[in-house]
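Please read through the structure below; I'll follow up with questions.
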There are 2 protein chains.
Amino acid sequence: MTLLDVAQRAGVSVATASRVLNGGDRVPRPELQERVKAAADELGYTPNAQAQALAKSSTNVVGILVHDIEDPYFAAIANGVMRAADERNLLVMMASTFRDSDREIAYLSSLRAQRARAAVMIGSRRTDAESLARTATEVETFLNSGAGLALVSQSGMPAHTIEPDNRSGAAELARSLVGLGWRKFAVLAGPDALATARDRRDGFVAGLAEAGLQPVAVEAGEFTRDGGYAAAQGLLDRKTDLDCVFAVNDVMAVGAMSALRARGVDVPRELGVAGFDDIATLRDVWPGLTTVRLPLEQMGRRALELAIEGGEATTETFKAEVVLRESTAHR
Amino acid sequence: MTLLDVAQRAGVSVATASRVLNGGDRVPRPELQERVKAAADELGYTPNAQAQALAKSSTNVVGILVHDIEDPYFAAIANGVMRAADERNLLVMMASTFRDSDREIAYLSSLRAQRARAAVMIGSRRTDAESLARTATEVETFLNSGAGLALVSQSGMPAHTIEPDNRSGAAELARSLVGLGWRKFAVLAGPDALATARDRRDGFVAGLAEAGLQPVAVEAGEFTRDGGYAAAQGLLDRKTDLDCVFAVNDVMAVGAMSALRARGVDVPRELGVAGFDDIATLRDVWPGLTTVRLPLEQMGRRALELAIEGGEATTETFKAEVVLRESTAHR
DNA sequence: CTGTTAGCGCATTCAG
DNA sequence: CTGAATGCGCTAACAG
């Protein structure tokens, strides 16, 4: 069923049919409108989006790139992007890259082929100079194709950037914890190559420094639940004179809590635990996890807005807010 | 940059250029291949997917419909669909419907307009006869358009269906719990209109019946964390002579645990708690949540396969497996 | 206000 | 093996 079919059945030209069915400008006479609509209805006509896109060389699809949609952090941001897209009647194409820059680049290129209006890339990449450069190149190509682009948590790219204030948030957390009476801290850091992980670690350390403290230990690990679990184990194996541990994200923190539990370490009596992100799904863990809240959905929404708007590359920073809960209730 | 530009620069016809760049059949002479590839490269040519789709009237995009991507249950299944799609080089379009059947229908229609190859609808719909009928109509239209379709957890539609074995799983859970020594059960049921919620409740009740038991209370609530929290509160307000509570999904169970904690009820000493789904992100809650595991990712993968394959509408059931953890360790 | 027509960018017969 | 021509379905001038 094509527009032509509808037009013929209604006894009008394709132009007229197009105008009443899609085009918003010149509206034909009411009588014809009825006829066309009726014909379209009876024929079960559905416009061919591909053809429309080709004809007006513009689409209403936007892309979202996440590392892993099953990770609640990405899901929360993606949710914001999707809601914003929905409000603007945009269709969303999504892909998980699993932190593989080749997949990422390939997907960006697919979006270009689809003539996507814009794209949002969520999450920080590894600071591997070579692949970062390749990504940057593709980012430029993408932008040059006329599409909009915004990145969340990945600075240094020539596009709009949404930055959570990881350093300040972590520093503030450190201050709060010190204020609570904790003194001997360990940091369960993520991979050193991830800017987000690094910033949170550094910010925390800086916050401690203000109080004349420095971490007793810094244990690197994957940026995942298992990474947190393993890092906590490593920590216990090596160092026992601790007060409180800060994991650079909630998922790691929760993994760490399990490791501590397995070793019979009571939280927070023997050891305080804090995370970062304030993942909604994890707000019911017990003891309640002290963390730093990020307006995840907001960040996603804003990223889409910036991506759609286009214009000069800007950077917007989103404040983080310390949320104290039972996991760091000091004795 | 179009194919024509590339062809001219390479001194060949568009047909030849098309063959070397995309077409997989007749491959031109090596020399020409080089020339064309070089030209495409220098010009930064990217095929226009819309045009390709229009020309061969077929696309490589598939759609995913979830109620809410931030809900880990949907994220897990969506993840399976996305991986399967990725392996087949299919692009994924996703949308959250927030259980609004109008949005759902509208999105299905958009996918039709996009000439999507297939779609996967995840989650059960409300059994509101009127809107269910409208959805069914759109489902048929979708199928008639030639695209494939599979539904997860929603039977009764004229398309492929993936069914988690909710009844058996819940019944098996009931048996296990009774075996552990629990006797006085309450069920935190979801909305009666959601088949998934109903099946789990009924299965559980049936399982209890085998042991000559019946639930002391059945409290309906939203199928969400807050629903679980509220239902648990309602339960405590009204009924105190309980052993163990079964929430029809993990998210509700976790909400319920928070409510119990707030009331000073110790789990599992005073009250056992069990859920359903075995959400990965919640495996670290404490006490560890007894639940029924569903192969979420697998279900998503399979749904995509069926949707792509097309053919006669089939129904495949996925077994559920009881996972006993600390939340139901009987005194 | 409505109809005609020329592309949009590419795949694909059909000739050569 | 390669090129010319046609059509995919629709929009947007341009005429009438």
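Residue numbers begin at 1 in each chain, while the letters A, B, ... track the order of the sequences. This one's a predicted model, so the numbers in the text were calculated from it and none came from an experiment.
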All ring pair (Phe, Tyr, Trp, His ring centres under 6.0 Å) counterparts of B/Phe142, not counting sequence neighbours: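 Partners of B/Phe142 under the ring pair (Phe, Tyr, Trp, His ring centres under 6.0 Å) test: none.
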
May I have the list of side-chain donor-acceptor pairs in residues 305-318 of chain B shorter than 3.5 Å, sequence neighbours left out?
residue, atom, partner, partner atom, Å
B/Glu305, OE1, B/Arg302, NH1, 2.6
B/Thr314, OG1, B/His160, ND1, 3.1
B/Glu316, OE1, B/Arg302, NE, 2.9
B/Glu316, OE2, B/Arg302, NE, 3.2
B/Glu316, OE2, B/Arg302, NH2, 2.8

DNA chain D-proximal residues of residues 35-57 of chain B, any heavy atom under 4.0 Å: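 Residues of residues 35-57 of chain B that come under 4.0 Å of DNA chain D are, in numerical order, B/Leu54, B/Ala55.
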
Report all side-chain donor-acceptor pairs from residues 114-123 of chain A shorter than 3.5 Å, counting only partners two or more places apart or in another chain.
residue, atom, partner, partner atom, Å
A/Arg115, NH1, A/Arg112, O, 2.8
A/Arg115, NH2, B/Thr46, O, 3.2
A/Arg117, NH1, A/Thr59, O, 2.4

Residue among B/His67, B/Arg125, B/Glu104 satisfying side-chain hydrogen bond (donor to acceptor under 3.5 Å, both in side chains) with B/Thr97: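 The passing option is B/His67.
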
Residue-phosphate contact under 4.0 Å: A/Arg29 side-chain N/O, C/dT2 OP1/OP2: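 So the side-chain polar atoms of A/Arg29 do come within 4.0 Å of the phosphate oxygens OP1 or OP2 of C/dT2, strictly under.
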
For atom CE of A/Met1 and atom C1' of D/dC10, their distance in whole Å: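 For the pair A/Met1 CE and D/dC10 C1', the rounded distance is 16 Å.
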
Between CG on residue B/Leu32 and NZ on residue B/Lys37, distance to nearest 0.5 Å: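 Answer for the CG-NZ pair, B/Leu32 versus B/Lys37, is 11.5 Å.
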
A/Leu4 CG - D/dT11 P separation (whole Å):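 Nearest whole value for this atom pair: 13 Å.
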
Base C/dG3 paired with A/Arg19 side chain (donor-acceptor, <3.5 Å):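 Such a pair exists between side chain and base.
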
Pairing residues for A/Asp86 by the salt bridge (charged side-chain N to carboxylate O under 4.0 Å, His left out) criterion, not counting sequence neighbours: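 Once residues adjacent in sequence are excluded, the partners of A/Asp86 under the salt bridge (charged side-chain N to carboxylate O under 4.0 Å, His left out) criterion are B/Arg103.
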
Electrostatic pair A/Arg83-A/Glu87, nearest N-O below 4.0 angstrom: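 Looking at A/Arg83 and A/Glu87, the cut-off is not met.
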
Sub-4.0 Å heavy-atom contacts from residues 7-18 of chain B onto DNA chain D, ordered by number: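 Result for residues 7-18 of chain B: B/Val12, B/Ser13, B/Ala15, B/Thr16, sorted by number.
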
A/Glu31 CD - C/dC1 C1' separation (whole Å):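 Taking atom C1' of C/dC1 as the reference, CD of A/Glu31 is at 12 Å.
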
Carboxylate-amine/guanidinium contact A/Arg134 A/Glu138, below 4.0 Å: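 No salt bridge links A/Arg134 with A/Glu138.
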
Between P of D/dC8 and CG of A/Leu3, the distance in whole Å: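 The answer, rounded to whole Å, is 13 Å.
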
Presence of A/Asn22 side-chain N/O under 4.0 Å of D/dT11 phosphate oxygens OP1/OP2: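 Looking at the OP1 and OP2 atoms of D/dT11, one of them is under 4.0 Å from a side-chain N or O of A/Asn22.
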
